[in-house]
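Structure record follows, encoded as structure tokens.
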There are 2 protein chains.
Amino acid sequence: MSKQVLPLVDDAAVDAGACCAPLVCEPLGVAEAEELAPLFKAIGDPVRLRLLSLIACHEGGEACVCDLTAAFDLTAPTISHHLKVLKQAGLIDSERRGTWVYYWINPGVLARLSALLGPQAQALVGAR
Amino acid sequence: MSKQVLPLVDDAAVDAGACCAPLVCEPLGVAEAEELAPLFKAIGDPVRLRLLSLIACHEGGEACVCDLTAAFDLTAPTISHHLKVLKQAGLIDSERRGTWVYYWINPGVLARLSALLGPQAQALVGAR
DNA sequence: ACACTACTTAGACATTCATCGAATCAGAGA
DNA sequence: TCTCTGATTCGATGAATGTCTAAGTAGTGT
């Protein structure tokens with residue numbers, strides 16, 4: 001259970017990432033691409049994107065699986081599967097408290113992805 | 001050819017997006033999720049992520065297919081396929097000039113994705 | 001101990017996807 | 001017109017993915 005993919009974000013990178021987005025500064029290396037693509041792939045599904053959003057917006061910053069399952073027209077195992085994918089990607093984390101299992105967002109990873117796409121793109125918008 | 005998926009970005013949204021990222025403000029609607037997820041899915045592949053980066057970093061902001069193909073250990077049809085996926089997602093656009101075909105980034109779409117993930121995530125980093 | 005609820009795992013199935021080789025299309029130049 | 005190069009399309013194939021049902025695990029309460 002606890003044996004999870006390493007967070008892929010050190011807090012230093014979060015601050016640093018904001019200043020220079022690799023995507024447009026210099027070509028992404030093969031290794032970085034192979035490391036980052038799975039994160040985008042994980043949120044590249046409508047159900048998982050909504051799950052992420054539901055968790056992020058939920059009061060307290062965390063949500064119980066039963067809340068999440070209720071928001072979809074899918075079976076519990078399917079929701080569980082998608083949560084597992086998000087967790088293995090390092091985007092969310094979870095903890096059992098009594099009967100319920102709670103999930104919350106790992107905001108650092110999200111911020112890193114945003115920084116990768118963002119600032120430079122804004123610059124290009126003006127340039128072109 | 002020119003019949004492409006609509007850009008999915010109005011310039012207003014680019015500016016507006018910077019102030020409030022939907023992902024953490026309120027739950028993403030089903031329709032929005034189904035519209036946005038394919039974009040993340042498109043960049044959720046190492047080859048396509050590198051293609052995007054190579055194009056963005058290339059001098060002049062555009063790159064010829066032959067330049068791109070040379071950077072990979074894949075056949076030309078495969079690269080062509082990935083470029084098509086990126087183009088259909090609205091992330092890049094292309095034009096033929098003589099013998100060569102050039103691709104460039106649609107920065108507005110990238111910026112929108114960044115805004116969706118970004119600012120709120122930064123806020124949560126501090127909060128937690 | 002038993003039953004009940006919440007969630008996850010296992011296995012099956014249909015669909016989608018990444019990749020390739022072969023064929024085709026589009027221009028440039030002899 | 002013929003040929004050469006650059007790029008895309010087509011068809012096939014093995015791998016990955018999303019979903020389900022059925023079964024299992026974990027905790028609560030009687």
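Below, chains carry the letters A, B, ... as their sequence lines are ordered, and counting in each starts from 1.
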Please list every donor-acceptor pair under 3.5 Å in which a side-chain atom of residues 36-49 of chain B meets a protein atom from a residue at least two apart or in another chain.
unit_1: B:D45; atom_1: OD1; unit_2: B:V47; atom_2: N; d: 2.8
unit_1: B:D45; atom_1: OD1; unit_2: B:R48; atom_2: N; d: 3.2
unit_1: B:R48; atom_1: NE; unit_2: B:A42; atom_2: O; d: 2.6
unit_1: B:R48; atom_1: NH1; unit_2: B:H82; atom_2: ND1; d: 3.1

Hey, mind stepping through B:L110 and B:N106 against side chain to side chain contact (heavy atoms under 4.5 Å, CB included) and telling me if it holds?
CA-CA 7 Å; B:L110 234 51; B:N106 182 345; over 6 Å; no

Can you tell me the distance, in whole Å, between the [atom1] atom of [X] and the [atom2] atom of [N]?
| X | N | atom1 | atom2 | answer |
| --- | --- | --- | --- | --- |
| B:D45 | D:dT17 | CG | P | 11 Å |
| B:R48 | C:dT16 | CZ | P | 15 Å |
| A:H81 | C:dA12 | NE2 | C1' | 14 Å |
| B:H82 | D:dT8 | NE2 | P | 13 Å |
| B:L51 | C:dT19 | CG | P | 10 Å |
| B:L83 | D:dG6 | CG | P | 16 Å |
| B:K87 | D:dT9 | NZ | C1' | 14 Å |
| B:I79 | C:dC20 | CD1 | P | 9 Å |

Could you tell me which residues satisfy salt bridge (Lys or Arg N to Asp or Glu O under 4.0 Å) with A:E95, sequence neighbours excluded, listed by chain and number?
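A:R97.
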
Where the side chain of B:P77 is concerned, which of C:dA22, D:dT21, D:dT19 is the nearest nucleotide?
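Out of C:dA22, D:dT21, D:dT19, the nucleotide with an atom closest to B:P77's side chain is C:dA22.
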
Would you indicate which nucleotide in D:dC20, D:dA7, C:dT8 comes nearest to any side-chain atom of B:W100?
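Within the option list, the nearest is D:dA7.
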
Donor-acceptor pair, B:E32 side chain versus B:G29 backbone, under 3.5 Å?
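Yes, because the side chain of B:E32 sits within donor-acceptor range (under 3.5 Å) of the backbone of B:G29.
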
Is there a side-chain contact between [X] and the phosphate of [N], meaning an N or O under 4.0 Å from OP1 or OP2?
| X | N | result |
| --- | --- | --- |
| A:T78 | D:dG18 | no |
| B:S80 | D:dA7 | no |
| A:Y103 | C:dT8 | yes |
| A:T75 | D:dC20 | yes |

If the condition is side-chain contact (heavy atoms from CB on, under 4.5 Å), which residues does A:C66 pass it with, not counting sequence neighbours?
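side-chain contact (heavy atoms from CB on, under 4.5 Å) check on A:C66 returns A:C64, A:W100.
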
Distances for protein N/O vs nucleotides 27-30 of chain C N/O pairs under 3.5 angstrom?
none

B:S94 vs B:K87 side-chain heavy atoms within contact, under 4.5 Å:
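With C-beta onward as the side chain, the pair touches.
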
If you find the nucleotide of DNA chain D closest to A:K41 and the one closest to A:A76, which residue's nucleotide is nearer the 5' end?
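Taking each residue's closest nucleotide, the earlier one in sequence belongs to A:K41.
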
Of all of residues 63-74 of chain A, which get a heavy atom below 4.0 angstrom from DNA chain C, listed by number?
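Listed by number, they are A:C64, A:V65, A:C66.
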
A:R50 and B:E26 ion-paired at < 4.0 Å
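Between B:E26 and A:R50 there is no salt bridge, as every charged N stays at least 4.0 Å from the carboxylate O atoms.
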
How far apart are the C-alpha atoms of A:L117 and A:L113, what are their side-chain angles, what is the distance that settles it, and do they pass the side chain to side chain contact (heavy atoms under 4.5 Å, CB included) test?
CA-CA 7 Å; A:L117 300 179; A:L113 295 184; 5.8 Å; no

Could you go step by step and tell me if A:V65 and A:Y103 meet the side chain to side chain contact (heavy atoms under 4.5 Å, CB included) rule?
CA-CA 7 Å; A:V65 175; A:Y103 281 85; 3.4 Å; yes

With sequence neighbours excluded, give me every side-chain hydrogen bond (donor to acceptor under 3.5 Å, both in side chains) pair touching residues 69-80 of chain B.
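Every side-chain hydrogen bond (donor to acceptor under 3.5 Å, both in side chains) pair that includes a residue of residues 69-80 of chain B, provided the two are not neighbours, is B:T75-B:T78.
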
